[in-house]
2 protein chains.
Amino acid sequence: MSQDGAGIDLQTSLGYLLKQASSALRASMEEALRPLDMTVTHYSCLELLAQRPGLSSSELARGAFVTRQSMNALLQTLERDGQVTRPAEAPVGKALPAQLTARGRRDLAEATAAVRAVEDRMLTGLSDTERSAARGVLRSMVASLQTPPPP
Amino acid sequence: MSQDGAGIDLQTSLGYLLKQASSALRASMEEALRPLDMTVTHYSCLELLAQRPGLSSSELARGAFVTRQSMNALLQTLERDGQVTRPAEAPVGKALPAQLTARGRRDLAEATAAVRAVEDRMLTGLSDTERSAARGVLRSMVASLQTPPPP
DNA sequence: GAACGTATGTCAGGATGCTGACATGAGTCA
DNA sequence: TGACTCATGTCAGCATCCTGACATACGTTC
């Protein structure tokens, strides 16, 4: 297996390391959010709405990396629980702009604190320079992957 | 939302960037592997076995970030398709060491090429120094997250 | 105005994966 | 030896999410 061009060394592969880090982060976030009865997608939805009020179900789905159907089901639950409000009719087109309620903002604040603690733990031992470099590298990876492969 | 200590700026958050990059990579890998009738977990299993023959179902599950149950179901399919072999009885304990067959190695070679192309595309525009730095940062993140949170 | 492409919300169906639980085998410690 | 802990394989049941499809609404183009 040490032959040239044979396999992909998983311990060196940036793709594998990416998956490993993402998986560990997700597990830690789920653990931190469980006491608050919140899933990662649930939290992501609230955080997105806090930063960009009026996002539609489809836009939230893209931002939280799930399908429209899943996000719409979640939004119905959040509406029922009083964390999110949506108008009965679309002001334009078919998109229903969602908004956080006061309760939604309050619940989000707790969740944000928990998630921030996880992220701080993850970044322990990394200098500001390293964090900044990591942001640049990750942004570059995303941009390169967005570009479709040459058919 | 620019208030101190309010939300987490998703465009700056390394956690969000990590998820974004990982999600984009997974989508690209699935796209690249689809013509070969292979899923990402399927490929991961084969690649792990190529590098470390004799891994058990549970060990493969941890390496591919799925549950033992899912990996075992996959292994049964791979055995049926002749890509993997396992002894009928455990040589020691209950763990059944899995091995790639010749066919498994051949199918893996195709998949590895496809995945390598995706990874190369992802790393376009990044210098060797940046790639090396990214490895260091990701390994540090994983290690920090492994350490359980102080209760 | 009409046709086309795109984006959204929504429905049904099915595949996929996980949680929880159990019995077995091996190692550890007294 | 016996009790304890840990890891593995396996079963059943359930939750979750996605794929595929359809109707609607807007913008663009001719």
Side-chain angles (χ1 to χ4, degrees), chain A residues 19 22-24 26-31 33-35 37-45 48-49 52 54-81 84-99 148, chain B residues 19 22-24 26-31 33-35 37-45 48-49 52 54-81 84-99 148:
Chain A
K19 187 170 180 177
S22 178
S23 175
R26 186 176 189 91
S28 294
M29 283 179 66
E30 280 171 352
E31 189 180 352
L33 290 173
R34 194 170 304 128
D37 279 318
M38 214 178 276
T39 67
V40 173
T41 303
H42 184 164
Y43 158 73
S44 301
C45 174
L48 282 164
L49 278 180
R52 298 171 59 190
L55 250 44
S56 72
S57 180
S58 292
E59 292 169 319
L60 286 168
R62 281 193 291 272
F65 309 102
V66 296
T67 60
R68 289 174 292 173
Q69 293 85 335
S70 298
M71 182 52 73
N72 208 5
L74 172 61
L75 280 175
Q76 287 172 10
T77 306
L78 299 190
E79 268 189 303
R80 180 175 52 74
D81 295 351
V84 164
T85 51
R86 283 190 295 179
E89 292 184 1
V92 56
K94 297 184 67 177
L96 294 174
Q99 301 271 352
Chain B
K19 187 171 181 177
S22 178
S23 175
R26 185 174 188 92
S28 294
M29 284 179 66
E30 280 171 354
E31 189 180 353
L33 290 173
R34 194 170 304 128
D37 279 319
M38 214 179 275
T39 66
V40 173
T41 304
H42 185 165
Y43 158 74
S44 301
C45 174
L48 282 164
L49 277 180
R52 298 171 59 189
L55 250 44
S56 71
S57 181
S58 292
E59 292 169 318
L60 286 169
R62 280 192 291 271
F65 309 102
V66 296
T67 60
R68 289 174 290 172
Q69 293 86 333
S70 298
M71 182 54 72
N72 208 5
L74 172 61
L75 280 175
Q76 287 174 8
T77 306
L78 300 190
E79 269 188 304
R80 180 175 52 75
D81 293 352
V84 164
T85 52
R86 284 190 294 180
E89 293 184 0
V92 56
K94 296 184 68 179
L96 294 175
Q99 302 271 351

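Numbered from 1 within each chain, the chains take letters A, B, ... in sequence-line order.
You can see that DNA chain C meets the heavy atoms of chain B within a 4.0 Å-exclusive cut from C:dG17 to C:dA26, reading 5' to 3'.
Applying side chain to side chain contact (heavy atoms under 4.5 Å, CB included) to A:S57 and the options A:L74, A:N72, A:L96 leaves one that passes, A:N72.
Atom CG of residue A:L55 and atom CE of residue A:M71 lie 9.5 Å apart, to the nearest 0.5 angstrom.
Between the side chains of B:E59 and B:S56, at least one donor-acceptor pair of N or O atoms lies under 3.5 Å. Looking at A:T67 and A:S70, their side chains do bring a donor and an acceptor atom within 3.5 Å of each other.
A:V40 has its side chain within reach of A:R26: a pair of non-hydrogen atoms, C-beta onward, lies under 4.5 Å apart. Side-chain contact between A:P97 and A:R86 is absent, with no heavy atoms from C-beta onward closer than 4.5 Å. A:L33 has its side chain out of reach of A:T39: every pair of non-hydrogen atoms, C-beta onward, lies at least 4.5 Å apart.
The minimum heavy-atom distance between A:L78 and A:C45, with the atom names listed, is CD1-SG, 3.9 Å. Annotation for A:L60 and A:A98: closest pair CD1-CB, 4.5 Å, computed over non-hydrogen atoms.
Near DNA chain C, meaning a heavy atom under 4.0 Å from it, residues 65-75 of chain B has B:V66, B:T67, B:R68, B:Q69, B:S70 in order of number.
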List, with names and distances, any nitrogen or oxygen atoms from the protein found under 3.5 Å away from nitrogen or oxygen atoms belonging to nucleotides 24-27 of chain D.
residue: D:dC26; atom: OP1; partner: A:G93; partner atom: N; Å: 3.4

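If you check every strand for non-hydrogen atoms under 4.0 Å, B:R62 touches sugar and phosphate atoms only.
Distance alone, capped at 3.5 Å, places no donor-acceptor pair between the A:S23 side chain and the A:K19 backbone.
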